[in-house]
**Student:** 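One structure coming up, written as structure tokens, with questions to follow.
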Protein chains: 2
Amino acid sequence: VNAEGRVRDAAVSLFAAKGFHGTGIRELADAAGLSSASLYHYMGTKENLLVEIMQVSLGRLVRAGHRVLAESAAPVAALNGLVQMHVVAHALQQAETIVVDNELRSLSSAHRSAVVALRDEYEGMWRSVIEGGCAAGSFVVPDPGVARLALLEMCTGVAYWYSPLGDRRLAEIASAHAEMGLAMLRATAGPGCLPAGHYVRLVAEVWGPAVAPRVGA
Amino acid sequence: VNAEGRVRDAAVSLFAAKGFHGTGIRELADAAGLSSASLYHYMGTKENLLVEIMQVSLGRLVRAGHRVLAESAAPVAALNGLVQMHVVAHALQQAETIVVDNELRSLSSAHRSAVVALRDEYEGMWRSVIEGGCAAGSFVVPDPGVARLALLEMCTGVAYWYSPLGDRRLAEIASAHAEMGLAMLRATAGPGCLPAGHYVRLVAEVWGPAVAPRVGA
């Protein structure tokens, strides 16, 4: 990992553990193995670093979401894929998830709009799958908007409790979420639904070496 | 509201908005309308204040959970009640939820154990309802432990997106979550299930004046 990568990794860990405001420049330099002076060669402001972390993280989710939908167009198979990809990606990127979830408030409004636009693009995929499934009679829900928010909270939440040292394999957790997510919409997995292992590989491809070591878990 | 109450309210807002580490003593004093010197008459350390906020918040959830289960013993009715109470309580206590969720990491280990014990007591109620319902054949899930975590993440998540200015009434959101939560467990609301209005009133009673003004929403 080069110096830029070390700075980014240190920032993700520190922002997740101590918050953006709780992280000092000197700590960031220490964690990246750089002096405070040389740190400025590798980053702009602390806020630039935060924006980049969020844009990279949400950009990968958007890319992975497009791949899921390109493979599985029918609502039941698409929802099965979005749930499993989202669960695997968040379980393997716990620190990034905490930073994206908690630190939107720390961005100035211009930066916030760019990050929110990416998040909206991603959530739009979930919206169209859920609304399309309701229109086609594949899903039955009290309120498609509330169902989208509830599914996203349930699946993102895995980042807050998953441990690679726990009793359950990640693929089992992803698969249980897909089954429960479809049940929430009064649907059941069908023959077009791909298994969890497929989405573990998809996440490893989109996220790259950062998550690869844990993918066998 | 007396000075202690003003200090507590200011701390909840500031810890939620800027994080525990990001909140300075002087800001806390300013927000509570006190001088930094007189602030120390009304609080111990900043960590004591955080522990108290978490214990009060989790203590109310435990009390409300016991009331729900005392009224509704059968698994379907009990789950309907826990989901609705939890959604209403978290939607009306957004800042407290953010503090409880994010700042456990900021507690020293002795304080953390006391807070975690309360959280475990509350989650134990969900565990026994879900496991009891599976044993009785009322619920069918791939994994009762994953189902508990998924339901809690889904219901707590309402605190992160609910707005009293939004299109949906809180009672409708609570009721949609109960319907989807039961569907996740392959169950459907039955005649023993109490409506959302009941749980809005229960939360208003347990939480008291802090949430009362918004309860009509």
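In what follows, chains are A, B, ... by sequence order, proteins preceding strands, each numbered from 1.
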**Student:** If I measure from the heavy atoms of chain B, does Ala16(A) come under 4.5 Å with its side chain, its backbone, both, or neither?
**Tutor:**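 When you check distances to chain B, only backbone atoms of Ala16(A) fall under 4.5 Å.
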**Student:** Only pairs of heavy atoms separated by less than 4.5 Å count here; which of Val146(A), Thr23(A), Val158(A) has the most with chain B?
**Tutor:**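 Heavy-atom pair counts peak at Val146(A).
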**Student:** Can you tell me how far the CG atom of Leu149(B) sits from the CE atom of Met154(A), to the nearest 0.5 Å?
**Tutor:**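 Here the rounded value is 11.5 Å.
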**Student:** Look at atom CZ of Arg26(A) and say whether more than 12 heavy atoms of other residues, nucleotides or ligands are closer to it than 6.0 Å.
**Tutor:**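 Atom CZ in Arg26(A) is not crowded, with 12 or fewer foreign heavy atoms closer than 6.0 Å.
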**Student:** Quick check on the structure: residues of residues 182-198 of chain A within a heavy-atom distance below 4.5 Å of chain B, by number.
**Tutor:**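 Answer by number: Ala183(A), Met184(A), Arg186(A), Ala187(A), Thr188(A).
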**Student:** Let me have the donor-acceptor pairs involving side chains of residues 95-103 of chain A, under 3.5 Å, with sequence neighbours excluded, atom names and distances please.
**Tutor:**
from	atom 1	to	atom 2	distance (Å)
Thr97(A)	OG1	Gln93(A)	O	2.8
Asp101(A)	OD2	Tyr160(A)	OH	3.1
Glu103(A)	OE1	Ser106(A)	OG	2.6
Glu103(A)	OE2	Phe20(A)	N	2.9

**Student:** Based on non-hydrogen pairs under 4.5 Å, which of Gly22(B), Gly19(B), Ala17(B) is most in contact with chain A?
**Tutor:**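 Of the candidates given, the most pairs with chain A belong to Ala17(B).
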**Student:** Using the salt bridge (charged side-chain N to carboxylate O under 4.0 Å, His left out) rule, collect all pairs that involve residues 124-147 of chain A, keeping only residues at least two apart or in two chains.
**Tutor:**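 The answer is Asp143(A)-Arg168(B).
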**Student:** Below 4.5 Å from any heavy atom of chain B, which atoms of Ala147(A) appear? Answer side chain, backbone, both or neither.
**Tutor:**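 Ala147(A) touches chain B through backbone and side-chain heavy atoms alike.
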**Student:** Could you note down all residue pairs passing ring pair (Phe, Tyr, Trp, His ring centres under 6.0 Å) where residues 85-104 of chain A supplies at least one of them, sequence neighbours left out?
**Tutor:**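 Matches after skipping sequence neighbours: His86(A)-His90(A), His86(A)-Tyr122(A), His86(A)-Trp126(A).
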**Student:** Is any side-chain heavy atom of Glu153(A) less than 4.5 Å from a side-chain heavy atom of Thr156(B)?
**Tutor:**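 Glu153(A) vs Thr156(B): side chains apart.
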